[in-house]
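Scroll down for the structure; my scribbles are underneath it.
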Amino acid sequence: MASPSSSPAPPPPESAPLDFIRQIVAEDLASGKHPFVVTRFPPEPNGYLHIGHAKAICLDFSLPLEFPGEGGRSRCHLRMDDTNPEKEEVEYVESIKEDVRWLGFDFGGHFYNASDYFDFFHDCAVHLIRTGKAYVDFQSPEEMKANRGTLTEPGTPSRWREATPDENLAEFARMRAGEYPDGHCVLRAKIDLASPNLNLRDPALYRIVHAEHHHTGNRWCIYPMYDYAHPLEDAKEEVTHSLCTLEFEAHRPLYDWVIANCPVPAKPRQIEFAKLQLTYTLISKRNLRRLVEDGVVDGWDDPRMPTLAALRRRGFPPAAIRAFCQLIGITKFHSRTDLGLLEKCVRDALNKSVPRYFGVLRPLKVTVTNWPAGHVEMIEAVNNPELPELGSREVPMSGELWIEQDDFMEDPPKEFFRLGPGREVRLRYAFNITCTEVIKDDQGRVVELKATYDPDSRHGGRKVKGIIHWVSAAHARAVPVRLYDRLWTVEEPTGDVAAELNPHSLETLPAAMVEPAVAAMAPGDRCQFERLGYFIADTKDSRPGAPVFNRIVGLKDSWAKVAAKK
RNA sequence: UGCCCCGUGGUGUAAGGGUAGCACAAGAGAUUUUGGUUCUUUUAGUCUUGGUUCGAAUCCAGGCGGGGUAGCCA
């Protein structure tokens, strides 16, 4: 399938100051604590990756590029954290791989599944039981919760807490053998029921789940909990720096406890950073799932979604997302980044890479009354003023044109530089025209303009302030265009669809008029429609010779700002 | 309510005892056959109160504010 081009992440510039995580990594390398670094990106295959994951991916995968270490052995693993058979599906695994590759990162042969370590987890559990550090608890979930205590009071021990290692070993074997139904008992760590950190009040290590696992099938009916499995996964892979988001901070003592009490080949260090939040955007998987299931959007890859699949389809270049992630930095405090910064990164990437064409979104007919009947003139137009090597093309010009409705005002203010009755503007790369007549329909709507052109203005002519784009009506091709806007109307959406959803997040224009060259664009091709914005031929809905366009992002529009002030 | 983490221009972030810097946004101007791009420029900040120090955004204490945390989710 055609997919908007990807490009590998280049080695990063060595100018930016180091964030606190990079400082730690640099120190660990300098001190000789580690000869090279190993990181990992460990998504749970239960949904699609989103822009928040991109922040983590860029961090995890950039570190080995920035700190190659001894013999260039630094690396980043891609690992499916698939310890919950009830939530995970194999189809997500492929989309996750695709998204990581699309972002420009290479995990080489370092693709792993936590479920490949199930035997190891089991052996460690047996070790914990033997050393008296874990026990099988038959309390119901409700009892366990009640006996966990409160924020101010310690928990009370389960009556199974003092069972002997042999008894626990036997019970754990029964759990594993499938002798008990779901929820009948759990394996718990024996740590400290009075700990001020609730995570240390004898946390569950294993639960019984009789469910088929997408990767291990029916081999297991007990599954490890995140807090137990994750440190073991990291240690197994000899990860040096295990980076995760802030909500796992309180879990770190448990992470360290597992590492300290199990026979592991390495001692990874967990470091937490703040997850990404964006204005006008809801990122959490739970919310995205709801939008999809409720039909608010048209699937996980609806271009209004913040999933990587959607951003790809929307036309965001991976390099822009990488640049964005580098710009926002890594910290430990909660913040919310301006969505405009992401869009700015997208514009920057596209400005310097993509050809320009003429396209008229909302066409208004202009008849040039003094144009020689039937005459067609080929006009040379530059493909990208930033990239002279992209050359130029010829655009046909005739006496009947489409221009943008927004480029005409019947009663324009003085700061409006475009067309109005009696006003003169330049048709970009072509001629100056002067509006001589405004034709309206029964309801008083402007339906056509008549104008005269200045034949001497082919390569200059009178200097005018307004320059507009245009398309020859006889040569124009009609294409569907979708204009996307932010999904939410408030800076910090809560997910209240009725109150906060942007009713104009998608506007579909069935027939925009574009110059002939545009019709030849292949799915995934991007361009700028001059003066309007950047567009991509949709990879899903385009047909050969009949592209359907998505607006990636609009151009900066300083006229809109002036107009808004009035 | 306990414990833990965190507070720097509007926003995102540097500086980790010695000139508060950068980017985005906003404003002004220049250039421009895209009201784009580019360039110049202006505005604007260390939560608070004490303490240590010749000197504190930085170290210490209290306060205030924000966040996390009591799944057999991750």
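Here is how names work: the chains are called A, B, and so on, in the same order as the sequence lines, proteins then strands, and each is numbered from 1.
In this structure, B:G9 is classed as anti because its glycosidic torsion departs from zero by more than 90°.
Within the nucleic acid shown, A:E153 has no heavy atom closer than 4.0 Å to any nucleic acid atom. When heavy atoms are screened at a 4.0 angstrom cut-off, A:F416 is found touching base atoms of the nucleic acid. Within 4.0 Å of A:I328, counting heavy atoms only, lie sugar-phosphate atoms of the nucleic acid but no base atom. A:R458 comes within 4.0 angstrom of a nucleotide base, judged by non-hydrogen atoms across all strands. Across all strands shown, A:K463 has heavy atoms under 4.0 Å from sugar-phosphate atoms exclusively, and none from any base.
The base-pairing partner of B:A61, taking Watson-Crick or G-U wobble contacts with both distances under 3.5 Å, is B:U49. Figure legend. B:C3 is base-paired to B:G68; pairs are counted as Watson-Crick or G-U wobble with both atom distances under 3.5 Å. Using Watson-Crick or G-U wobble geometry with both donor-acceptor distances under 3.5 Å, B:U32 finds no partner in any strand shown. In this structure, B:C73 forms no base pair with any nucleotide, since neither Watson-Crick nor G-U wobble geometry is met with both distances under 3.5 Å. Both distances falling under 3.5 Å, in either a Watson-Crick or a G-U wobble arrangement, place B:C24 opposite B:G10.
Using a 4.0 Å cut-off, some side-chain N or O of A:S558 falls inside it from OP1 or OP2 of B:G36. Proximity of A:T331 to the phosphate of B:U13: a side-chain N or O atom is located under 4.0 Å from OP1 or OP2. An OP1 or OP2 oxygen of B:A15 is reached within less than 4.0 angstrom by a side-chain nitrogen or oxygen of A:Q23.
Comparing the same atom, C1', in B:C39 and in B:U32 gives a spacing of 11 Å after rounding to whole Å. For B:A26 and B:G10, the C1' atoms lie 8 Å apart once the distance is rounded to whole Å. With both ends at atom P, the span from B:A70 to B:G65 equals 23 Å, rounded to whole Å.
Looking at A:R269, its side chain never comes within 3.5 Å of a backbone N or O of A:V239 through a donor-acceptor pair. Although no hydrogens or angles enter the test, the distance criterion places no donor-acceptor pair under 3.5 Å between the side chain of A:Y429 and the main chain of A:R458. Of the possible polar contacts, none joining the A:R188 side chain to the A:V136 backbone as a donor-acceptor pair under 3.5 Å is found. In terms of modelled atom types and a separation under 3.5 Å, the side chain of A:R526 and the main chain of A:L350 share no donor-acceptor contact.
When the P atom of B:G36 is taken as reference, atom CZ of A:R531 falls 11 Å away, rounded to whole Å. Rounded to whole Å, the distance from CZ on A:R426 to C1' on B:G35 is 17 Å.
By the ring-ring contact (aromatic ring centres under 6.0 Å, His included) test, A:W470 is found to be paired with A:F358, residues two or more places apart in sequence or in another chain being considered. Scored by the ring-ring contact (aromatic ring centres under 6.0 Å, His included) test, A:H251 finds A:F248 as partners (sequence neighbours excluded).
Donor-acceptor pairing under 3.5 Å, judged by distance alone, is present between the side chain of A:R418 and the base of B:G35. On a pure distance criterion of 3.5 Å, a polar donor-acceptor pair joins the side chain of A:E386 and the base of B:G36.
The ring-ring contact (aromatic ring centres under 6.0 Å, His included) pairs that include a residue from residues 327-347 of chain A number zero, where partners must be two or more places apart or lie in different chains.
Nearest-nucleotide positions on RNA chain B for A:G329 and A:F333 put A:F333 closer to the 5' end.
Of all non-hydrogen atoms in A:A517 and A:Y357, the two that sit nearest each other are CB-CE2, 3.7 Å.
With contacts defined as side-chain heavy-atom distances shorter than 4.5 Å, the pair A:H241/A:V25 qualifies. No side-chain heavy atom of A:Y135 sits under 4.5 Å from any side-chain heavy atom of A:F172.
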Practice prompt. Evaluate the ring pair (Phe, Tyr, Trp, His ring centres under 6.0 Å) criterion for residues A:W559 and A:F416: first the C-alpha distance (whole Å), next the side-chain angles of each, then the deciding distance (0.1 Å), finally the verdict.
Written response: CA-CA 8 Å; A:W559 160 245; A:F416 184 79; 5.2 Å; yes
Using nucleotides 25-31 of chain B, report all nitrogen or oxygen pairs with the protein that are shorter than 3.5 Å.
from: B:A26; atom 1: OP1; to: A:K561; atom 2: NZ; distance (Å): 2.9
from: B:G27; atom 1: OP1; to: A:K565; atom 2: NZ; distance (Å): 3.2

Tabulated below should be each protein N or O lying under 3.5 Å from an N or O of nucleotides 1-4 of chain B; please produce it.
from: B:G2; atom 1: N2; to: A:P196; atom 2: O; distance (Å): 2.9

With the criterion being N/O to N/O and under 3.5 Å, what pairs connect the protein with nucleotides 72-74 of chain B, and how long is each?
from: B:C72; atom 1: N3; to: A:G183; atom 2: O; distance (Å): 3.4
from: B:C72; atom 1: N4; to: A:Q139; atom 2: O; distance (Å): 3.1
from: B:C72; atom 1: N4; to: A:P141; atom 2: N; distance (Å): 3.4
from: B:C72; atom 1: N4; to: A:G183; atom 2: O; distance (Å): 3.3
from: B:C73; atom 1: OP2; to: A:R207; atom 2: NE; distance (Å): 3.0
from: B:C73; atom 1: OP2; to: A:R207; atom 2: NH2; distance (Å): 3.2
from: B:C73; atom 1: O3'; to: A:R207; atom 2: NH2; distance (Å): 3.2
from: B:C73; atom 1: O2'; to: A:N84; atom 2: ND2; distance (Å): 3.1
from: B:C73; atom 1: O2'; to: A:K87; atom 2: NZ; distance (Å): 3.4
from: B:A74; atom 1: OP1; to: A:T83; atom 2: OG1; distance (Å): 2.9
from: B:A74; atom 1: OP1; to: A:R207; atom 2: NH1; distance (Å): 3.2
from: B:A74; atom 1: OP1; to: A:R207; atom 2: NH2; distance (Å): 2.9
from: B:A74; atom 1: OP2; to: A:Y226; atom 2: N; distance (Å): 2.8
from: B:A74; atom 1: O3'; to: A:D81; atom 2: OD2; distance (Å): 2.8
from: B:A74; atom 1: N6; to: A:H251; atom 2: NE2; distance (Å): 3.4

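Seen from the ring of A:Y112, A:R79 does not count as a face-on cation partner, given the 6.0 Å and 45° thresholds. Under the 6.0 Å distance and 45° angle rule, A:K97 counts as a cation-pi partner of A:F111.
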